[in-house]
2 protein chains.
Amino acid sequence: MSCTETLREQGYRMTPQRRMILSAIHGSDHHISAEEIYEQIHVKYPQVNISTVYRTLELLKELGLVTETDLGGGKFCYHSVEKGHHHHLICRKCGRIFELDEAVLKPVEGTILRKYGFRPDLSHLAVFGNCVECRK
Amino acid sequence: MSCTETLREQGYRMTPQRRMILSAIHGSDHHISAEEIYEQIHVKYPQVNISTVYRTLELLKELGLVTETDLGGGKFCYHSVEKGHHHHLICRKCGRIFELDEAVLKPVEGTILRKYGFRPDLSHLAVFGNCVECRK
DNA sequence: AGGCTTATTGCAACTAGTTGCAATAAGCCT
DNA sequence: AGGCTTATTGCAACTAGTTGCAATAAGCCT
Ligand SMILES: [Mn+2]
Ligand SMILES: [Mn+2]
Ligand SMILES: [Zn+2]
Ligand SMILES: [Zn+2]
């Protein structure tokens, strides 16, 4: 199902602003911040307000179309859920970011569900620590 | 080793402000926010600035005396590391917070270290999801 | 195509947290 | 105890993100 269909299905409307925000997210091959999305749109359409960007990201998160992660730089980063399930390992010393396969945390999901009856959302985690290089 | 000793050992100084902030954290049996710490001090000593609270919390984190967690309310929460190692399960629907035993994530720590050479800091995580009640 | 309902937007004012800088005060050394 | 070095503070100005409200516009219904 397309993003537009998902929106419409839940009673939300597709607006030019939302189209531009989605296109910025889908067009970015890395994570993108709210500020970066805003700047990209602002060049062509300066009347678009940054609060619309934040509100739209909030909505896209809720609809499960976009994931939000705190990668430690003081800003949240976003990407399309279509880009696959993975987590991030972030080095506290050098700041480099590595991908962590979803499978590594899968067993824990079951353990938490059985032990606490709690279904954790382990779909896009940021895990801080120290990388190979920085541990030497 | 006491908090004062840890500070001194690293060349930091013990000030009345730091004493008050530490005492607020140690005195609280739950998690406490920066704003709450500030309010508590402000009643008696209105000249103390909130930037000092934020800066001190930053330092105490770095020294490993205090843990910081985003429990989802838009504010960070703090508590003394002395209060034991645990993680939090936070329900996205009802907002209730449950404790998750550290042991549950221990095996993952080893897996990540072996597979990626990355030493993750899994000492105080916030895991979002849905609780028993809200899954019914 | 035009009218109507109501979701969405831009705006302005706000909140949590950060940062540079000059004034202050820990605490070392005599 | 008093002087000196430099870590720390208060202050003011800033950044990322949020929120209430009136104006606007999606898209349904005729
Ligand atoms: Mn990612
Ligand atoms: Mn805790
Ligand atoms: Zn590193
Ligand atoms: Zn719940």
Side-chain angles (χ1 to χ4, degrees), chain A residues 2-22 24-25 31-42 44-63 65-78 126, chain B residues 2-22 24-25 31-42 44-63 65-78 126:
Chain A
S2 75
C3 292
T4 309
E5 283 170 332
T6 307
L7 278 169
R8 302 294 301 274
E9 202 178 49
Q10 309 283 324
Y12 297 107
R13 296 173 184 174
M14 179 48 78
T15 64
Q17 291 90 336
R18 286 181 179 166
R19 227 182 300 276
M20 290 189 279
I21 292 163
L22 278 164
I25 294 168
H31 293 89
I32 190 168
S33 71
E35 203 69 37
E36 282 161 355
I37 294 169
Y38 173 70
E39 284 308 331
Q40 222 176 94
I41 295 170
H42 189 75
K44 282 199 165 185
Y45 303 93
Q47 78 283 6
V48 173
N49 195 272
I50 194 151
S51 68
T52 302
V53 175
Y54 284 116
R55 269 190 291 228
T56 301
L57 288 170
E58 189 65 34
L59 178 64
L60 297 175
K61 257 193 298 174
E62 263 173 53
L63 294 175
L65 296 171
V66 150
T67 55
E68 177 194 76
T69 324
D70 179 2
L71 293 178
K75 291 179 185 177
F76 286 103
C77 282
Y78 301 87
Chain B
S2 76
C3 293
T4 309
E5 282 170 333
T6 307
L7 278 169
R8 302 293 302 273
E9 202 178 48
Q10 309 284 323
Y12 297 106
R13 296 174 184 174
M14 180 48 80
T15 63
Q17 291 90 335
R18 288 181 177 165
R19 228 183 300 277
M20 289 188 279
I21 291 163
L22 278 163
I25 294 168
H31 294 89
I32 189 168
S33 70
E35 202 70 36
E36 283 162 355
I37 294 170
Y38 173 70
E39 283 307 330
Q40 222 177 93
I41 295 171
H42 189 74
K44 283 198 166 182
Y45 304 92
Q47 78 283 7
V48 173
N49 195 273
I50 193 151
S51 69
T52 302
V53 175
Y54 284 115
R55 269 190 290 231
T56 301
L57 288 169
E58 190 63 34
L59 177 65
L60 297 175
K61 256 194 298 174
E62 263 173 55
L63 294 175
L65 295 172
V66 150
T67 55
E68 176 194 75
T69 323
D70 178 3
L71 294 178
K75 291 178 186 177
F76 286 102
C77 281
Y78 301 86

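Chain identifiers are assigned alphabetically (A, B, ...) following the order of the sequence lines, protein sequences preceding nucleic acid strands; residue numbering begins at 1 within each chain. Bear in mind that the values here come from a model prediction, so they are computed numbers and not experimental data. Hydrogens, waters and symmetry mates are skipped; everything else that's a heavy atom, side chains included, is used.
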Inset, instruction - Test B:R18 against every option in B:T56, B:V53, B:T4 by the side-chain contact (heavy atoms from CB on, under 4.5 Å) rule and name the one that passes. - result: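 By the side-chain contact (heavy atoms from CB on, under 4.5 Å) criterion, B:R18 pairs with just one of B:T56, B:V53, B:T4: B:T56.
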Inset, instruction - Please identify each residue that fulfils salt bridge (Lys or Arg N to Asp or Glu O under 4.0 Å) with B:E68, with sequence neighbours left out. - result: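 With neighbours one apart ignored, the set is B:K61.
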Legend entry - From NE2 (A:H42) to CE (A:M20), nearest 0.5 Å: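 Rounded to the nearest 0.5 Å, the NE2-CE separation comes to 12.0 Å.
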Legend entry - Spacing of B:E39 atom CD and B:I50 atom CD1 [to the nearest 0.5 Å]: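 Going from CD on B:E39 over to CD1 on B:I50, the span is 7.5 Å.
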Inset, instruction - Under 3.5 Å for both distances, Watson-Crick or G-U wobble, that's the pair rule; now give the dot-bracket for DNA chain D, with | marking pairs to another strand and [ ] for crossing ones. - result: ||||||||||||||||||||||||||||||
Inset, instruction - Could you pick out which residue, B:A34 or B:Y12, lies toward the 5' side of DNA chain C when each is mapped onto its nearest nucleotide? - result: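 Closest to the 5' end, via its nearest nucleotide, is B:A34.
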Inset, instruction - Find which nucleotide of DNA chain C each of B:P16 and B:F76 is nearest to by heavy atoms, and output the residue with the more 5' nucleotide. - result: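 Mapping each residue to its closest nucleotide by heavy atoms, the 5'-most match is B:F76.
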Inset, instruction - Under 4.0 Å between any heavy atoms, over every strand shown, what does B:S51 touch: base, sugar-phosphate, or nothing? Just pick one. - result: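 Base contact.
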Inset, instruction - Give B:R55 one of three labels, base, sugar-phosphate or nothing, depending on what nucleic acid heavy atoms sit under 4.0 Å from its own. - result: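 It contacts base atoms.
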Legend entry - Residue mapping more 5' on DNA chain D - nearest nucleotide basis, B:P46 or B:G11: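 Nearer the 5' end of the strand: B:G11.
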Legend entry - Any side-chain heavy-atom pair of A:I25 and A:L57 under 4.5 Å: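 Touching, per the 4.5 Å side-chain cut-off.
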Given 3.5 Å as the limit, does a donor-acceptor pair link the side chain of [X] with the main chain of [Y], or not?
| X | Y | value |
| --- | --- | --- |
| B:E36 | B:S33 | yes |
| A:Q40 | A:I37 | no |
| A:T52 | A:V48 | no |

Legend entry - First and last nucleotide of DNA chain C, 5' to 3', lying under 4.0 Å from heavy atoms of chain A: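 Using the under 4.0 Å cut-off, the span is C:dT6 to C:dC11.
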